Amino acid sequence: MMQKQYLFQQAQQISVKIKELRQRLHQYPELAYREILTSQLVSQRLEALGIAHEKKTKIAKTGVVGIIQGNAGDGPQVIVALRADMDALQKTEKKQCPYASKISGCMHACGHDGHTAILLGVAEILAQLRDRFSGTIKLIFQPGEEGGAGGWAMVQEGVLQQPDVNWIFALHGWPNLPCGSIGIREGTMMVAASSFVIEIIGRSAHAASPHYSVDPVVAAAAIITALQNIRSRLTPPTQSNVISITIVESGNRPLDAGLPGSYQVLSNQSNVIPEMVRLSGTSRALTEENQSWQLEQIQRISEHIAQAFGARVDFRVTENYPPTINDPQATQIIAAVGEELLGKDNVHWLPQPSMGGEDFSYYLRDNVRGSYFRLGLFQEGCECPCLHSDCFDFNDSALIPGMVMMAGLALKVVQAKFD
């Protein structure tokens, strides 16, 4: 039986099971490093398939890694890894469906439930093919992609070692691509992404006597507006970057206040000018060099504006993802497998990177060749809002092409024989 026919047949046979699994994960989402039930479910599935696995508990806390060792014996000893992220977002789901989130204030708004379900389906398909290859396939179920740098934590814990990984691949559901297709790109796929905190410290006073205060609210408003000039006036028009302030908090600091962003702002009243305003946001740039420059400008402008108002600024970068840079050879493998399994018309070469960040970038360092691709979710009649929307839902019709692609990539790299 030809590989394409076999993979689609196997994916079709388990599709109902994997769809139910995906919807179960959607009902019980868990935030970064709290994916306890999710990792237990993953472990139970791998155990039932006879796949050796371990939990990464030292740093990554809830990560799971499965190992499928080929039994052919006479082929290349290549080690390929496939990665899926497991965590959800802190949002309230608004979509009405039978499997809507049962966890208050938490939902799978980025499709990680689909990614995890796909990789568990791939595990089931590959577990039956050990006799067709001689290498090793690692299945990486990662926590904390949404702002938790779980990729870094897994790498620090040695997920790419013992045995050392040669190739690694990952996918991400994409609402703007047709279901049954993939999007690929060599080089920069996702940009450098940093989270930062600006705390403007002034002096509190009665709201009826603003002249006794150093008003951090007015200073914060000026800073928010001025930061957009970095993009419009300090950055070359041909260079892509983003600066977004996403959280504004005001109030007073506790006596034992720690690092900026590390403590809870004490609530204030409408008739009190607060002591401080905290601005939280994100900075995005194509390269680490541009990102460093941009963060320097954010800090410089914030400090100077605050000083003009008589206030001061505490600035801190709380997270710093490097850009996700796809290896050209690994990307060509995705292209070849995609054309073979999905058809040439369903392999889309993307003209530009996304301004989103992705901690898959950490796996692509240290001499590991890898690539990250988009899996199409769009389908007529199937509502699929943008990622991170409170109405987002992974399209279950994408589960089969997702399983076929990920299994096909692993089998291609380990040179499985289907003669």
Side-chain angles (χ1 to χ4, degrees), residues 31 89-92 105 146-148 191-237 239-285 290-321 355-357 388 390:
L31 298 176
L89 282 160
Q90 193 168 336
K91 293 181 75 73
T92 298
E146 297 290 355
V191 300
S194 301
S195 298
F196 61 83
V197 172
I198 305 166
E199 290 185 352
I200 302 113
I201 315 299
R203 184 173 62 247
S204 180
H206 196 291
S209 304
H211 56 294
Y212 290 126
S213 75
V214 174
D215 193 339
V217 176
V218 178
I223 289 171
I224 291 172
T225 301
L227 291 183
Q228 298 310 312
N229 289 327
I230 296 174
R231 176 70 186 93
S232 65
R233 288 297 177 264
L234 300 181
T235 304
Q239 182 176 303
S240 297
N241 68 348
V242 171
I243 299 171
S244 293
I245 300 297
T246 55
I247 304 173
V248 180
E249 304 169 274
S250 69
N252 297 300
R253 297 188 300 166
L255 292 176
D256 58 347
L259 293 172
S262 66
Y263 57 91
Q264 185 174 356
V265 178
L266 301 179
S267 60
N268 211 28
Q269 293 177 278
S270 61
N271 63 347
V272 177
I273 292 173
E275 176 193 11
M276 60 93 74
V277 172
R278 176 186 291 163
L279 306 178
S280 302
T282 183
S283 170
R284 310 290 171 110
N290 288 346
Q291 180 75 303
S292 295
W293 173 85
Q294 188 159 279
L295 290 168
E296 288 172 5
Q297 302 313 306
I298 293 171
Q299 182 173 4
R300 178 182 67 83
I301 290 172
S302 299
E303 288 176 344
H304 287 181
I305 290 177
Q307 185 178 14
F309 281 87
R312 67 178 177 85
V313 155
D314 287 341
F315 180 82
R316 179 185 172 211
V317 176
T318 58
E319 201 132 55
N320 214 1
Y321 285 14
M355 295 306 292
H388 290 207
D390 52 17

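All of these numbers come straight from a predicted model, not from anything done at the bench.
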Participant: Just verifying a value: how many Å separate Ile198 CD1 and Ile224 CD1, rounded to the nearest 0.5 Å?
Facilitator: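 Answer rounded to 0.5 Å: 8.5 Å.
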Participant: Under 3.5 Å, sequence neighbours excluded: what are the donor-acceptor pairs made by side chains of residues 294-302?
Facilitator:
{"residue": "Gln294", "atom": "OE1", "partner": "Asn241", "partner atom": "ND2", "Å": "2.2"}
{"residue": "Gln294", "atom": "NE2", "partner": "Val242", "partner atom": "O", "Å": "3.2"}
{"residue": "Gln294", "atom": "NE2", "partner": "Ser283", "partner atom": "OG", "Å": "2.7"}
{"residue": "Gln294", "atom": "NE2", "partner": "Arg284", "partner atom": "O", "Å": "3.3"}
{"residue": "Gln297", "atom": "OE1", "partner": "Arg300", "partner atom": "NE", "Å": "3.0"}
{"residue": "Gln297", "atom": "OE1", "partner": "Arg300", "partner atom": "NH2", "Å": "2.9"}
{"residue": "Gln299", "atom": "NE2", "partner": "Glu303", "partner atom": "OE2", "Å": "3.1"}
{"residue": "Ser302", "atom": "OG", "partner": "Ile298", "partner atom": "O", "Å": "2.7"}

Participant: For Gly281 and Thr246, which heavy atoms make the closest approach, and how far apart are they?
Facilitator: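 So the two residues come closest at CA-OG1, 3.8 Å.
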Participant: Taking all heavy atoms of Pro236 and all of Arg231, pick out the closest pair and write down the distance.
Facilitator: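 In terms of heavy atoms, the two residues are closest at O-NH1, 3.9 Å.
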Participant: Residues in side-chain contact (heavy atoms from CB on, under 4.5 Å) with Gln264, at least two apart?
Facilitator: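 If we apply the side-chain contact (heavy atoms from CB on, under 4.5 Å) test to Gln264, skipping adjacent residues, there are no hits.
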Participant: Could you list the donor-acceptor pairs under 3.5 angstrom formed by side chains in residues 306-314, with sequence neighbours left out?
Facilitator:
{"residue": "Arg312", "atom": "NH1", "partner": "Asp314", "partner atom": "OD1", "Å": "2.9"}
{"residue": "Arg312", "atom": "NH1", "partner": "Asp314", "partner atom": "OD2", "Å": "3.2"}

Participant: Shortest non-hydrogen contact from Met355 to Val191?
Facilitator: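 Shortest heavy-atom separation between Met355 and Val191 comes out as O-CG2, 3.2 Å.
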Participant: So do Ile223 and Val277 actually touch side chain to side chain, heavy atoms under 4.5 Å?
Facilitator: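 Val277 does not reach Ile223 side chain to side chain.
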Participant: Nearest 0.5 Å please: distance from the OH atom of Tyr263 over to the CD atom of Glu199.
Facilitator: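 Tyr263 atom OH to Glu199 atom CD measures 3.5 Å (nearest 0.5 Å).
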Participant: Is the shortest heavy-atom distance from the side chain of Phe315 to the side chain of Leu279 under 4.5 Å?
Facilitator: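 They are not in side-chain contact.
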Participant: How about Tyr212: does its OH atom have over 12 heavy atoms from other parts shown lying under 6.0 Å from it?
Facilitator: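 No.
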Participant: How many angstroms lie between atom CG of Leu31 and atom CD of Gln90, to the nearest 0.5 angstrom?
Facilitator: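 Rounded to the nearest 0.5 Å, the CG-CD separation comes to 5.5 Å.
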Participant: Any side chain to side chain donor-acceptor pair (under 3.5 Å) pairs touching residues 214-228, not counting sequence neighbours?
Facilitator: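 For residues 214-228, and leaving out neighbouring residues, there are no side chain to side chain donor-acceptor pair (under 3.5 Å) pairs at all.
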Participant: According to salt bridge (Lys or Arg N to Asp or Glu O under 4.0 Å), who are the partners of Glu249, at least two apart in sequence or on a separate chain?
Facilitator: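 If we apply the salt bridge (Lys or Arg N to Asp or Glu O under 4.0 Å) test to Glu249, skipping adjacent residues, the hits are Arg278.
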Participant: If every non-hydrogen atom of Thr92 is compared with every non-hydrogen atom of Gly105, which pair is closest and at what distance?
Facilitator: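 Heavy atoms only, the tightest pair is OG1-CA, 3.7 Å.
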Participant: If we only count heavy atoms from C-beta on, is the Ser195 to Ser280 side-chain gap below 4.5 Å?
Facilitator: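 Side-chain contact under 4.5 Å: no.
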Participant: Nearest heavy-atom pair of Ser270 and Ala207: which atoms, and what distance?
Facilitator: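 Distance-wise, the nearest heavy atoms are O-CB, 4.2 Å.
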Participant: Kindly compute the distance separating CZ (Phe196) from CG (Asn320), expressed to the nearest 0.5 Å.
Facilitator: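 One gets 12.0 Å once the value is rounded to the nearest 0.5 Å.
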Participant: Grab the two heavy atoms, one from Glu275 and one from Ser204, that are nearest each other, plus how far apart they are.
Facilitator: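 Looking at all heavy atoms of both residues, the shortest contact is N-CB, 3.9 Å.
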Participant: Before you tell me yes or no, could you show the steps for Thr235 and Ile230 under side-chain contact (heavy atoms from CB on, under 4.5 Å), namely the whole-Å CA-CA distance, both residues' side-chain angles and the distance that decides it to 0.1 Å?
Facilitator: CA-CA 6 Å; Thr235 304; Ile230 296 174; 4.1 Å; yes
Participant: With sequence neighbours left out, write down each residue that passes side chain to side chain donor-acceptor pair (under 3.5 Å) with Asn252, or none if nothing qualifies.
Facilitator: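 Here the qualifying residues are Asn268.
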